[in-house]
Structures are given as structure tokens and as C-alpha cells.
There are 2 protein chains.
Amino acid sequence: MSGASVAAPREQAVEAALDRAASACAARGAQLTALRRQVLRLVLDAPHPVGAYALLDQLRAERPGAAPPTVYRALDFLQEQGLVHRVERLNAFVGCTGPEAHHHCGHGHDHPHQFLICASCGATAEICDDRVAAAVRDAARAAGFVPTRTTVEVEGRCAACVAAGQGGPSPA
Amino acid sequence: MSGASVAAPREQAVEAALDRAASACAARGAQLTALRRQVLRLVLDAPHPVGAYALLDQLRAERPGAAPPTVYRALDFLQEQGLVHRVERLNAFVGCTGPEAHHHCGHGHDHPHQFLICASCGATAEICDDRVAAAVRDAARAAGFVPTRTTVEVEGRCAACVAAGQGGPSPA
DNA sequence: GCGATATGCGATATAGAATAACGTCACCCC
DNA sequence: GGGGTGACGTTATTCTATATCGCATATCGC
Ligand SMILES: [Zn+2]
Ligand SMILES: [Zn+2]
Ligand SMILES: [Zn+2]
Ligand SMILES: [Zn+2]
């Protein structure tokens, strides 16, 4: 691999995402403070969903006084802003890679989304399938139910792990 | 209300469900022991999803030595048998009222299901919508993903709470 | 009968996740 | 300069879940 000479492309991408996030917040009258930006960076840096306490440990490297409320408050904010999602099955958090981030579909910052969670390697992919969202909405309405938020999480094996055979790549 | 003279219809229904559960377990070579039956009864008695520690407290009335592993082990078994589901958003457990219980649709004891969780009154309804299940399966496969288990949980307001207006009936 | 294995469960300790409650400081508006 | 608001620090507590060890029983092959 190439050394981390100046700035790896991934780091650049994260910095760009942070700047976009700051703009998006500002446009809504919210502020992505230094602390919140720091937490968001940690989430975006992680290759997989991260637990709140894992974030806390990392955060303490830069901010010795950090405590659970520190990270939970930041995460609450980031979720409200649609920058981060919570993965219920994992009690963990992941950066939004859906429409908000890439402007793929026409949804707002509280967009419908679904997670594909690989039991083999831990990779978690966010998708935004309108048929799923519509089917769930219709099913709820058929029961007289008025939905506000929906969680869809699928556990299984990702394409890479399926291709790699039984064991799957390192369950990192 | 009628007094609890001999056996309320609800209690009878629960007992019947317990007997059916015992038969279903036996048919699969598993045994619904006294402890497991006790925990299942507590889950079925509850009007809403119950937390593991709430179950533990009740269980201790009859079984003073009960500890967290006691109830978690029983819950794991009951989930494997499809008698109980976990509601991820609530960290709570609920008796299966889906196809397994009533033989409505043609699914096994690991059947697809979805939850409608009322934020007003706490009621949680289990539904079994094939279109939702199919849409999720298709979306996953389109990503090369092989699903094993799926969680679908919708938060919102139930029909009763919508009909009753803003506040909703007692958030019991 | 007897060791081997498996299951169910008691019991203790620990880990992991989330919130409650209170205080401080900065900022803004009037 | 009083009063409100938002962000954050700090401490304590609650809630949720698992790791281990150990014991009893059941079942099986022999
Ligand atoms: Zn997203
Ligand atoms: Zn994988
Ligand atoms: Zn069910
Ligand atoms: Zn309701």
C-alpha cells in the first residue's frame, strides 16, 4: 500500500463530506460545531458501523473530558441532520451514504433507507429502495397506521462474502 | 368489568397458546420446559412488548434465584422456536401473533414479519405482508446480498390513537 | 453399571449502551 | 443588564446483555 504521505484520497473524501455537511447544516440554521464535526469524522472514518463507546474512546484521544453524553448528544444532532443513521440491530452508528450524501434520489434529509448487514464481514450497506418504502407504507396504512419512521435492516451475506465462499473474508 | 372469578377468557387463550407452543416444540424435538413456559406466559400476558428485566422482575416472584441469564436463555430459546420476537427499537420482546400462532399464511416458524409500533400508546402489532417481504428480498438480491433475517419496524400512530385525536389514549 | 456427551439451569461477575440531572459559559435580543 | 437559548462539561445512575463457572440430569454405547 502507499504510505499516508500527504492526504489519502479517502481522507480527502471525508473532509469534503464534512464540508458539505457543514453547509447543509448551516442552510437549515443548525451548526456543525467542532465537536460534532469531530464525531462525524470518526463515524465516517470507520469502515463499519461504530458503537457509541468506541467513538467515545477515540474521541477521548483529542478530548480527555469526553463522557457518554458528549458523544450521544453529538450523535443525536447528526441523526437529526440526516448525516448519521443508527443501526438498530448493532446498536451502532454509520454515516449516511444515501441520497443526502450523493443526491441520487429526491428525498430530504429524513429520507427512507434500508440496511444490508453482512454477518460475515460486518459490512453494512445503505440502500434506498422506493418499492420497499412504498410497500411498507401501504402495509401500515392498510392497518390504519400512520407511519412516521421506518427501520428496515436485512442480515445476510454480502456479495463479496458470497463470492469468497463459506468462510467469507476476514470478519473484521 | 367482570371479576376474575374462575378463568378470564384471556387467560384461557394464553393457556391454550402455551399448550400449542409445547406441542410445536415437541414436534421439532425441543422442549418447552417449565421455566421457558413461565417466561412465555409472562410475555403473552403483557399487553405490550416487555423488556428482559421487567420479565426478570416478574419471574422472581415465582423463582427467587432468577438472574439475567435465566431470562435471556429462555428468550433465546423462544425466539428460535418462533414463539417470541424481539422488537429492536424497543429492546423488548413480544409474543408472536403472526402466521405461526394463527395459521394465517403459509410460513414456517421463522416467518417474515413486520411491526407497527404506536408512539402514542405503545401498542405493537405484528403483521405479515408478503409484498413487503418480497420487496425487501428483491432489493437485497439486486445488491448481490443473500438475506437470512429481516427486521422491519414502523413507528407511528395506531388507528385507535389517530381516531382519538392528538393526545391519543392513555400511553399505558 | 459406567464413562462420555449433551442439555438445562443456578450463580456470580462483568461488559456495553443510554439517560438523568445539574452546572457553566457564550451568545443574542431587547 | 435581564432573560432566553443552545452547546457542552460533569457526575451518577439505570437499563440491557454476555461471559464464565459449576452442578444436575438425561441419554447413549458398551
Ligand atoms: Zn441515509
Ligand atoms: Zn461480507
Ligand atoms: Zn410472528
Ligand atoms: Zn396507539
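Naming: A, B, ... by sequence-line order, numbering from 1 per chain.
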Q: Please tell me which of the listed nucleotides, D:dT20, D:dG9, D:dA19, lies nearest to the side chain of A:L35?
A: D:dG9
Q. Are the ring of B:Y53 and the base ring of D:dT16 both nearer than 5.5 Å at their centres and tilted by less than 30°?
A. yes
Quick one: [X] [atom1] to [N] [atom2], roughly how many Å, whole number?
X     : N      : atom1 : atom2 : result
A:D76 : D:dG6  : CG    : C1'   : 15 Å
A:F93 : C:dG16 : CZ    : P     : 16 Å
A:L75 : C:dT19 : CG    : P     : 11 Å
B:L90 : D:dC15 : CG    : P     : 16 Å
A:L32 : D:dA7  : CG    : C1'   : 13 Å
A:L56 : C:dG16 : CG    : P     : 13 Å
A:F77 : D:dA7  : CZ    : P     : 7 Å
A:R86 : C:dA18 : CZ    : P     : 4 Å

Q) When we call it a touch if two heavy atoms are under 4.0 Å apart, what does B:R36 touch: a base, just sugar-phosphate, or nothing? A) sugar-phosphate
Q) Quick one: OG1 on A:T70 to CG on A:L35, what's the gap to the nearest 0.5 Å? A) 7.0 Å
(Q) Pair A:C25, A:L83 - check side-chain contact (heavy atoms from CB on, under 4.5 Å), show working. (A) CA-CA 9 Å; A:C25 288; A:L83 300 168; 3.9 Å; yes
Q) Mapping A:Y72 and B:A34 to their closest nucleotides on DNA chain C, which lands nearer the 5' end? A) B:A34
Q: Identify, between B:Q31 and B:P68, the residue whose nearest nucleotide on DNA chain C lies closer to the 5' end.
A: B:Q31
Q.
Measuring to OP1 and OP2 of C:dG10, would you say a side-chain N or O of B:T70 lies under 4.0 angstrom away?
A. yes
Q) Hey, does the side chain of A:T33 come within less than 4.0 Å of D:dC8's phosphate (OP1/OP2), counting only N and O? A) yes
Q) Taking 4.0 angstrom as the limit, do B:R41 and B:E15 come out as a salt bridge? A) yes
Q: Measure up the B:H111 and B:H85 rings against each other and bin them: parallel (under 30°), tilted (30 to 60°), perpendicular (over 60°).
A: perpendicular
Q: Look at the side chain of B:R73 against the base of C:dG10 and say whether a donor-acceptor pair falls under 3.5 Å; ignore hydrogens and angles.
A: yes
Q.
Could you tell me the Watson-Crick or G-U partner of D:dC30, where both distances fall under 3.5 Å? Say none if there is no partner.
A. C:dG1
(Q) If I compare all heavy atoms of A:T124 with all of A:H48, which pair ends up nearest, and what's the gap? (A) N-ND1, 4.5 Å
